[in-house]
S.K.: 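Here it is, the structure, as structure tokens.
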Protein chains: 2
Amino acid sequence: MEDDHALAEVVAEGLRDQGMPVDLAHDGLTAAASLDHTGYDVVVLDRDLPGLHGDVLCRMIVERAGRPMVLMLTAASAPGDRVSGLTLGADDYLAKPFHFPELVLRVRALARRRPDVRPPVLRAAGIELDPVRRTAVRDGRPLTLSVKEFAVLEALLEAHPGHLSAETLLERVWDENADPFTNTVTVTVGRLRRKLGEPPIIATTPGIGYRIRGSG
Amino acid sequence: MEDDHALAEVVAEGLRDQGMPVDLAHDGLTAAASLDHTGYDVVVLDRDLPGLHGDVLCRMIVERAGRPMVLMLTAASAPGDRVSGLTLGADDYLAKPFHFPELVLRVRALARRRPDVRPPVLRAAGIELDPVRRTAVRDGRPLTLSVKEFAVLEALLEAHPGHLSAETLLERVWDENADPFTNTVTVTVGRLRRKLGEPPIIATTPGIGYRIRGSG
DNA sequence: CCCGCCTTGTCATGCCGTTGTTAGGTCCCC
DNA sequence: GGGGACCTAACAACGGCATGACAAGGCGGG
């Protein structure tokens, strides 16, 4: 992502020529939003970003686990940028103007440095759930889940193949001192079931709780 | 175990709040020694450990059978640590600084992933009963049992090849101060028998009680 | 700054499985 | 033949659970 559209296009095209898939975002907010859902290895980040300053965005990225590596582009006229950029957690920096081959080199290096052993992705019964990226997929079809729905599904997958009672779910997903007489768990599980579609994945064992159906 | 005493205390206390028993060791040698005798499920291991480097200790742990799972903490400033930490056999990693809830989540996940923690599956006379999944199978055919039925079958399988009197079952499965004149045990055993199908698995010894029939 | 959508919790309602009881029925032993 | 222990069927009550509708709160867009 770049502040200068033309430059950004050139960079993106050049990287694609090197065989890397590239997405573009021209402002910080768009970038932050799309980073939630994509699983890129490296973010090329211009420090002078409209909409949301590069520093802020960088911190947002870095503070999350499973984050991509960050290569920050800094203006040559401000040498101090390098320092603060790095202290903010960027993994590498490059001063503008730069030679394009060097950018490619560094992106490659960062991609290589990144551990491709992703922290546990939960899989069961045709579902893949990534707790870090907050994405869930069933049979290749992406699911759009609300926070609670996602948390419930995550808890059930972690417990798989065991059960979780409504009470336990209430403690883990909701607050630990939640009203024990609520039936929001039932409702949320119901909504989750509808979004998950057929065939049913969440089974109810009366008097025991819920569990993920199927092999495992 | 941590290199930073203060951080270690915080982490330990936080994990205890989550209901996990925690021991602390502030250097590698102490840790290695105590790990011989304790039966912990998960080791949270700082890579930069005084006395004995985290890598070495990790290898020592991993090479042993019945080992605990290892969650290695790596310094954020050295991304390469992640890779080698995992190649050394750590089961998960977490870069410092980290969000505490995430540490809790990962420790939980690891504890659950540990293979030999799985409680035993009860088997006898062509029946497999998994107390965790709360599933029961006869000759490959899954059974759908109610809570009471499941509990009765579980109790009988545990007692196998011995007997359980109706009175004992009443105490164990039902409340201990249940009406001693009730007939519900007989009825429940009857319903269970029907669901189990042929040939009969539960035998009655008049005046003594019930037992699982057959080999074991 | 206001408006509308999405999320989330609550309530009311209806359904279905579970469960204990009651009432016969059968078998065996005395 | 009588009695006791056990089995089974039918029944009714209870509780848990699913579902739809509704309202409050949050968040983003206009």
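Since we're looking at a predicted model, the values are computed, not measured. In what follows, chains are A, B, ... by sequence order, proteins preceding strands, each numbered from 1.
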S.K.: What pairs meet the salt bridge (charged side-chain N to carboxylate O under 4.0 Å, His left out) rule with one or both residues in residues 163-172 of chain B, with sequence neighbours excluded?
M.R.: none
S.K.: How would you list, by chain and number, every residue that makes a side-chain hydrogen bond (donor to acceptor under 3.5 Å, both in side chains) with A/Thr182, sequence neighbours excluded?
M.R.: none
S.K.: Does any part of the side chain of B/Ile127, heavy atoms only, come nearer than 4.5 Å to the side chain of B/Val137, both counted from C-beta?
M.R.: no
S.K.: How does protein reach along nucleotides 15-28 of chain D, written 5' to 3' as B (base within reach of a heavy atom under 4.0 Å), S (only sugar-phosphate), or - (no contact)?
M.R.: --SBBS--------
S.K.: Is there a donor-acceptor contact under 3.5 Å linking the side chains of A/Asn183 and A/Thr186?
M.R.: no
S.K.: Under a 4.5 Å cut-off applied to non-hydrogen side-chain atoms, are B/Trp174 and B/Val185 in contact?
M.R.: yes
S.K.: Just wondering, do A/Phe150 and A/Leu129 contact through their side chains at under 4.5 Å, heavy atoms?
M.R.: yes
S.K.: Got a sec, which pairs hit salt bridge (charged side-chain N to carboxylate O under 4.0 Å, His left out) with one end in residues 141-150 of chain A, sequence neighbours left out?
M.R.: A/Glu149-A/Lys195
S.K.: Under a 4.5 Å cut-off applied to non-hydrogen side-chain atoms, are B/Leu71 and B/Val43 in contact?
M.R.: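 Heavy-atom side-chain distance check fails, nothing below 4.5 Å.
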S.K.: Grab the two heavy atoms, one from B/Ile201 and one from B/Ala125, that are nearest each other, plus how far apart they are.
M.R.: CD1-O, 3.7 Å
S.K.: Regarding A/Arg213 and A/Thr204, do their side chains bring together a donor and an acceptor under 3.5 Å, going by distance alone?
M.R.: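 Distance-only check fails for A/Arg213 and A/Thr204.
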S.K.: Give me the bend of the helix from C/dC1-D/dG30 to C/dC30-D/dG1, using the axes of the five pairs at each end, rounded to 10°.
M.R.: 10°
S.K.: Walk along DNA chain C from 5' to 3' and tell me the first and last nucleotide with an atom closer than 4.0 Å to a non-hydrogen atom of chain A.
M.R.: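 So the outermost contacting nucleotides come out as C/dT7 to C/dA12.
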